[in-house]
Amino acid sequence: MTSGIHHITLITRSVQANVDFYAGFLGLRLVKRTGGYEDATQLHLFYGDAAATPGSLITFLVWEDGSLGRVGYGQPSEIALAIAPEAIGFWLTRALQHNIAVTGPAQEFGETVLRLKDPDGVIVKLVGTSGVTGAAPWTVKGIAEADAIRRIRSATVLTEQPQATCAFLETYFGFHAGERTDTIVRMVSASGDCVDVRDASGFWSSAPGTGTIDHIAFRAPDIAHAQATYDSLIRDGSDATAMHDRKYFHSIYVREPGGTLFEMATDGPGMLVDETLETLGTHLFIPPHFAEEAGNLTVMLPQFGLPGEERFLYRELPFVHRVYTPEHADGLTLVLLHGSDGNETTLLPLAANAAPHATLIGLRGRSNEEGIGRWFRRFGPLSFDQQDIRSEAEALAAFIEGAAEAYRLDLERTVFLGYSNGANMLVATMLLHPGLVRNAILLRAMNVLEEAPHADLSHVKILMVNGEHDLFGARTPDLEALLRQAGAELAVDRVHAGHETGPHDIEAIRQWIEANLPRTV
């Protein structure tokens with residue numbers, strides 16, 4: 001019977017750690033990787049059984065280095081995965097072997113439970129149960145079919161209105177009340193999986209973010225059933241969303257009275273509409289309405305390696321950063337410093353178009369003004385915090401030294417590319433810490449140092465790309481003179497543009513790189 005949980009969606013802060021836990025330690029199959037349907041710069045991963053069966057799917061929105069959430073009422077707090085009762089000993093041993101903290105075994109509703117935490121701190125329970133069966137267990141090295149995770153067993157919802165939450169599950173999603181404790185009512189579907197509704201009265205409220213469960217999706221046999229449920233919700237006064245086409249299923253969304261987000265998702269078309277059973281989860285898919293930007297979006301989404309595959313190992317450095325490695329790298333590296341209101345991914349598409357075989361390292365500035373990311377504080381449009389500039393330049397210099405060692409960068413074949421506020425930060429760093437940067441590209445730059453030191457930049461090749469109609473263009477001649485006075489090998493390109501970047505910048509960068517840093521492979 002089509003009923004119960006379709007999938008559960010969570011939010012993770014680190015894609016590689018997430019893959020290592022769910023595909024590596026737990027042995028789930030990665031069955032789909034896509035860009036988000038609302039925000040295609042957000043990676044969305046789906047794990048499940050061998051056939052991506054509804055009811056086995058655990059999905060993650062990837063917010064790389066995103067803000068931490070807070071577990072509280074109005075949100076799910078735990079997920080539970082079903083294993084054979086005889087597999088409890090295997091998983092207890094496996095957790096100890098993999099240095100993963102585990103509590104239990106304990107008894108919950110007559111079932112043996114092990115409690116773990118994933119890398120983001122989400123509680124993941126492994127439940128030895130005969131209450132649900134798995135359609136297509138996925139096996140990996142070290143996990144036999146008898147021990148493999150079968151499917152979702154349950155999720156726990158925290159609510160200040162437990163009676164209303166239970167009634168909502170019964171009325172619209174086909175669950176009925178089963179066993180209960182002093183604080184939990186177990187709501188059971190016809191297919192056997194459960195939602196444990198926990199009374200969280202007096203607890204604190206939830207806050208979205210990494211390390212939290214975003215929503216629970218329940219199964220619908222077809223679009224007609226989901227539409228009928230939507231009609232009932234609207235008729236009864238709920239603020240449900242109209243039908244969404246998610247390619248692999250159709251969905252409606254609604255918040256239950258206690259605040260938790262619920263989804264109803266159809267079983268079809270399913271995960272095999274664009275991949276075969278053998279190749280599930282091997283290709284990155286961009287939602288069709290973002291197809292024109294697919295090339296740029298692919299560069300912006302975080303990369304990762306499945307167990308046994310090569311992966312990039314990030315190091316702790318002074319700035320949050322993202323590394324993109326092309327399929328055929330040519331030994332050139334571009335380090336990217338975004339402009340105001342940007343982040344570590346903003347310049348990745350521009351750089352990839354200009355140097356498609358280069359390794360890209362995008363940095364995130366550490367200053368923030370009214371929600372706008374920057375590299376240093378300012379007092380006004382052309383008045384800047386000199387102490388903050390010097391402090392952040394020192395941190396950037398430390399990043400360069402650390403990255404050169406950790407990632408084995410050849411600084412002679414590393415280009416530092418900054419745009420606007422990022423270019424200004426790069427100029428300040430070159431002047432305050434000469435000797436680190438050998439190649440620089442400055443897009444719409446100016447000097448922000450009130451007292452520029454006498455630096456020797458005779459070893460530095462620099463390209464300045466200025467906009468003919470840039471509102472800040474009046475300050476570029478002073479910077480050109482300053483860099484030439486410092487001995488830099490300076491090339492200046494003026495493009496038909498304002499402060500914004502575009503194809504003209506890509507072409508200028510491409511030509512300069514080809515002339516100064518030709519490919520070696």
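In this chain, residues are counted from 1 in sequence order. Computed from a prediction, not measured in an experiment: that's the story for all the values here.
- In this structure, a donor-acceptor pair under 3.5 Å is present between the side chains of T279 and T276.
- Side-chain N or O atoms of E275 include one that pairs as donor or acceptor with a backbone N or O of H283 at under 3.5 Å.
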Inset, instruction - Report the C-alpha separation of L363 and L336 in whole Å, then their side-chain angles, then the decisive distance to 0.1 Å, and conclude whether the side chain to side chain contact (heavy atoms under 4.5 Å, CB included) test is met. - result: CA-CA 6 Å; L363 277 60; L336 312 173; over 6 Å; no

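- A donor-acceptor pair shorter than 3.5 Å can be found between the side chains of E263 and H7.
- D274 and Y248 are linked by a side-chain donor-acceptor pair at a separation below 3.5 angstrom, with hydrogens and angles left out of the test.
- Classified by interplanar angle (parallel below 30°, tilted 30° to 60°, perpendicular above 60°), the ring pair H6/F249 is perpendicular.
- A side-chain donor from one of N353 and N296 sits under 3.5 Å from a side-chain acceptor of the other.
- Ring centroid separation for the pair H225 and H250 does not come in under the 6.0 Å cut-off.
- N421 places a side-chain N or O within 3.5 Å of a backbone atom of W375 that can act as its donor or acceptor partner.
- Counting only residues at least two apart or in different chains, salt bridge (Lys or Arg N to Asp or Glu O under 4.0 Å) contacts with residues 8-17 comprise R13-D65.
- The closest donor-acceptor contact from the side chain of S420 to the backbone of R444 lies at 3.5 Å or more, if one exists at all.
- Paired with T159 under the rule side-chain hydrogen bond (donor to acceptor under 3.5 Å, both in side chains), one option of D199, T165, T260 passes, and it is T165.
- A side chain to side chain contact (heavy atoms under 4.5 Å, CB included) with F46 holds for exactly one of R33, K32, R29; it is K32.
- Remark: R378 engages E369 in a salt bridge, criterion side-chain N to carboxylate O under 4.0 Å.
- Aromatic ring centroids of W91 and F25 lie under 6.0 Å apart.
- Aromatic pair Y37/H244: ring centres not closer than 6.0 Å.
- Atom CD of E293 has 12 or fewer neighbouring heavy atoms from other residues, nucleotides or ligands inside a 6.0 Å radius.
- Remark: side-chain polar atoms of S189 are paired, donor with acceptor, to backbone N or O of D193 under 3.5 angstrom.
- Salt bridge present: R115 and E78 bring a charged side-chain N and a carboxylate O closer than 4.0 Å.
- Around NE2 of H289, the count of heavy atoms belonging to other residues, nucleotides or ligands within 6.0 Å exceeds 12.
- When atom types are taken as modelled, the side chain of T414 and the backbone of D410 share a donor-acceptor pair closer than 3.5 angstrom.
- No more than 12 heavy atoms of other residues, nucleotides or ligands lie within 6.0 Å of NZ in K117, so this atom counts as exposed by the packing criterion.
- In this structure, S251 contributes its side chain and A265 its backbone to no donor-acceptor pair below 3.5 Å.
- A cation-pi arrangement, defined by a distance under 6.0 Å to the six-membered ring centre and an angle within 45 degrees of its axis, is absent between R322 and Y324.
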Legend entry - side chain to side chain donor-acceptor pair (under 3.5 Å) between Y47 and N18, intermediate numbers included: CA-CA 11 Å; Y47 303 95; N18 183 268; 2.7 Å; yes

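- Of the possible polar contacts, one joining the S56 side chain to the D49 backbone as a donor-acceptor pair under 3.5 Å is found.
- There is a side-chain donor-acceptor pair under 3.5 Å between R374 and S340.
- Counting all heavy atoms, side chain and backbone alike, A397 lies closest to T429 at N-CG2, 4.3 Å.
- We find that R364 and E64 are not joined by a salt bridge, their nearest charged nitrogen and carboxylate oxygen being 4.0 Å or further apart.
- The closest donor-acceptor contact from the side chain of R311 to the backbone of E309 lies under 3.5 Å.
- We find that R246 and E38 are joined by a salt bridge, their nearest charged nitrogen and carboxylate oxygen being less than 4.0 Å apart.
- The backbone N or O of A82 sits nowhere less than 3.5 Å from a side-chain atom of R153 that would complete a donor-acceptor pair.
- With hydrogens and angles left out, the side-chain atoms of T12 and D120 include a donor and acceptor closer than 3.5 Å.
- Defined by atom type and a distance below 3.5 Å, a donor-acceptor pair is present between the side-chain atoms of R70 and S205.
- Across every non-hydrogen atom of D147 and A87, the tightest pair is OD1-CB, 3.6 Å.
- Between T501 and D505, the side chains place no donor N or O within less than 3.5 Å of an acceptor N or O (distance only, hydrogens not considered).
- Checked against the 6.0 Å centroid threshold, F379 and F384 do not count as a close aromatic pair.
- For H321 and Y314, the distance between ring centers is under 6.0 angstrom.
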Legend entry - CA sep, side-chain torsions, deciding dist, call: Y73, F203, ring pair (Phe, Tyr, Trp, His ring centres under 6.0 Å): CA-CA 7 Å; Y73 63 78; F203 201 48; 7.7 Å; no

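- Relative to the ring axis of F319, R366 places its NZ or CZ within 45° and under 6.0 Å from the centre.
- Ring pair F173/F262: centre-to-centre distance below 6.0 Å.
- Judged by distance alone, the side chains of D388 and S391 never bring a donor and an acceptor atom under 3.5 Å apart.
- No donor-acceptor pair closer than 3.5 Å links the side chain of H328 to the backbone N or O of H357.
- Side-chain atoms of T59 and T9 form a donor-acceptor pair, as typed in the model, at a separation below 3.5 Å.
- In summary, the aromatic rings of F218 and F175 are positioned with their centroids under 6.0 Å apart.
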